[in-house]
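The structure appears below as structure tokens.
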Amino acid sequence: VTGGKDSVIRFIDLATGQVKKTLRLHKGAITALQFKPGNPDELYSSATDSMVYRWNLVSNEMVHWYRGKGKIIYMTVSNDGKYMSLTCNDGTVTLWNLETSRTEFSNKVRMYDLEDRKFVPGNFARPAFSPDSRILAYAADSDSLVMHNCLTNQYRAYGKRKNDLPWYDIAFSSDGNYMTTRMANGGPVRIYNLSGWDFFTNGNGLGYRDIKTYYSLPVTVQFSADDNSLYIVDDAIYKADLRNGSKSRLHYAYYPFQSTSIMLNDSTGIEADLDL
């Protein structure tokens with residue numbers, strides 16, 4: 001399923017390449033699509049028209065809608081299907097409870113703009129849910145991490161601003177023991193160690209390691225399926241082995257990559273979408 005600037009959701013048969021059906025309701029560029037975890041007959045779509053729609057793919061009808069506080073630039077649903085996070089261009093991160101159709105919280109975030117030399121809303125990392133859906137992690141400030149407990153609506157902030165580099169993506173390993181983020185302007189790729197960390201009993205400390213500084217901006221950072229490696233993409237695709245610290249370059253592109261995700265298949269290699 002794909003969506004883009006024309007506001008149309010298209011379902012594509014991967015075997016034939018044919019468009020099997022389309023859904024049309026959004027009035028802005030589509031910014032995120034996600035099937036409901038565990039239910040391939042339900043789809044969530046978000047767009048710059050400030051709307052999120054939940055679709056029944058059996059009847060091809062919109063069955064529920066949610067409105068963001070600004071143009072929605074990112075949307076994600078937790079693994080248990082209970083929560084949804086919206087990131088809007090007004091500088092808000094909002095957590096929705098999909099079972100009650102109510103907002104749990106909405107928080108203003110801000111990041112430092114290196115060109116204008118001031119803090120502005122809307123320049124921040126994409127939030128991520130932990131694999132067990134209990135924690136929503138997001139950047140509330142430059143070099144500042146917030147871990148929000150979805151069950152209790154309590155939160156903890158970590159880190160003091162050591163630099164003015166904005167964050168972009170946050171990703172959890174599949175076992176929940178590690179979390180990574182990438183920073184702007186060739187900043188480090190940071191890996192947090194969550195092994196043994198508990199929100200209530202030892203939440204005051206959170207260890208991390210900065211593994212490398214890049215000359216160009218990494219466009220995505222992803223864990224491998226077994227969580228033993230980290231794939232980093234800028235103008236090339238690198239693999240970092242988290243067990244021994246070794247790094248290797250797997251592919252080099254003539255132009256820098258633009259996509260914010262890559263498809264990983266550890267048995268056959270890597271496919272990357274070069275969108276220029």
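All values derive from a computational prediction rather than experimental measurement.
- By the 6.0 Å and 45° rule, K21 stacks over the aromatic ring of F11.
- Under the 4.5 Å side-chain criterion, counting only non-hydrogen atoms from C-beta, M147 is in contact with M179.
- Residues L145 and T181 form no side-chain contact, since every pair of their non-hydrogen atoms from C-beta on lies 4.5 Å or further apart.
- Between P131 and N79 the shortest side-chain heavy-atom distance falls below 4.5 Å.
- The closest side-chain donor-acceptor pair between W96 and S101, if any, does not fall under 3.5 angstrom.
- Residues K82 and D80 are not paired through a salt bridge, judged by the lack of any N-O separation under 4.0 Å between the basic side chain and the carboxylate.
- Here D210 pairs with R190 in a salt bridge; the nearest charged N to carboxylate O distance falls below 4.0 Å.
- Note that OG1 of T31 is 8.0 Å distant from CD1 of I73, once rounded to the nearest 0.5 Å.
- Each of L98 and Y83 belongs to its own hydrophobic cluster when Ile, Leu, Val, Met, Phe, Trp and Tyr are linked at side-chain heavy-atom distances under 4.5 angstrom.
- Aromatic rings of Y138 and H148 (six-membered ring for Trp) have centroids beyond the 6.0 Å cut-off, not under it.
- Judged purely by distance below 3.5 Å, without hydrogens or angles, the side chains of N244 and S246 pair a donor atom with an acceptor atom.
- At least one side-chain heavy atom of S85 sits under 4.5 Å from a side-chain heavy atom of V93.
- Note that the CG atom of L136 and the CE atom of M84 stand 12.0 Å from one another [nearest 0.5 Å].
- In terms of modelled atom types and a separation under 3.5 Å, the side chain of T16 and the main chain of Q18 share a donor-acceptor contact.
- Taking the side chain as every heavy atom from C-beta outward, N149 and R134 approach each other to under 4.5 Å.
- Using modelled atom types, one finds a donor on one side chain and an acceptor on the other under 3.5 Å when comparing D227 with S174.
- Listed for the S78 side chain is no donor-acceptor partner under 3.5 Å among the backbone atoms of S133.
- Side-chain N/O atoms of N97 and E104 include a donor and acceptor closer than 3.5 Å.
- Side chains of T94 and T103: no donor on one and acceptor on the other come within 3.5 Å.
- At least one side-chain heavy atom of C150 sits under 4.5 Å from a side-chain heavy atom of L95.
- Following chains of ILVMFWY side-chain contacts shorter than 4.5 Å, one cannot reach L43 starting from V8, and the two form parts of different hydrophobic clusters.
- At least one donor-acceptor pair closer than 3.5 Å links the side chain of S50 to the backbone N or O of G70.
- To the nearest 0.5 Å, atom CG of residue N177 and atom CG of residue N193 are 7.5 Å apart.
- R102 CZ to Y66 OH: the interatomic distance, rounded to the nearest 0.5 Å, is 14.0 Å.
- Contact annotation: the side chain of L23 approaches that of N60 to within less than 4.5 Å [non-hydrogen atoms, C-beta and beyond].
- Taking CG of L33 as the start and CD1 of I9 as the end, the distance is 5.5 Å to the nearest 0.5 Å.
- Side chain of E42 to main chain of K36: no donor-acceptor pair is present (N/O by atom type, distance under 3.5 Å, no hydrogens or angles).
- At distances below 3.5 Å, not a single donor-acceptor pair connects side-chain atoms of K69 with backbone N or O atoms of N89.
- Checked against the 6.0 Å centroid criterion, the rings of H26 and Y53 qualify as a close aromatic pair.
- By the 4.5 Å heavy-atom criterion applied to side chains, S45 and W55 are counted as neighbours.
- No side-chain N or O of E61 forms a donor-acceptor pair with one of N56 less than 3.5 Å apart.
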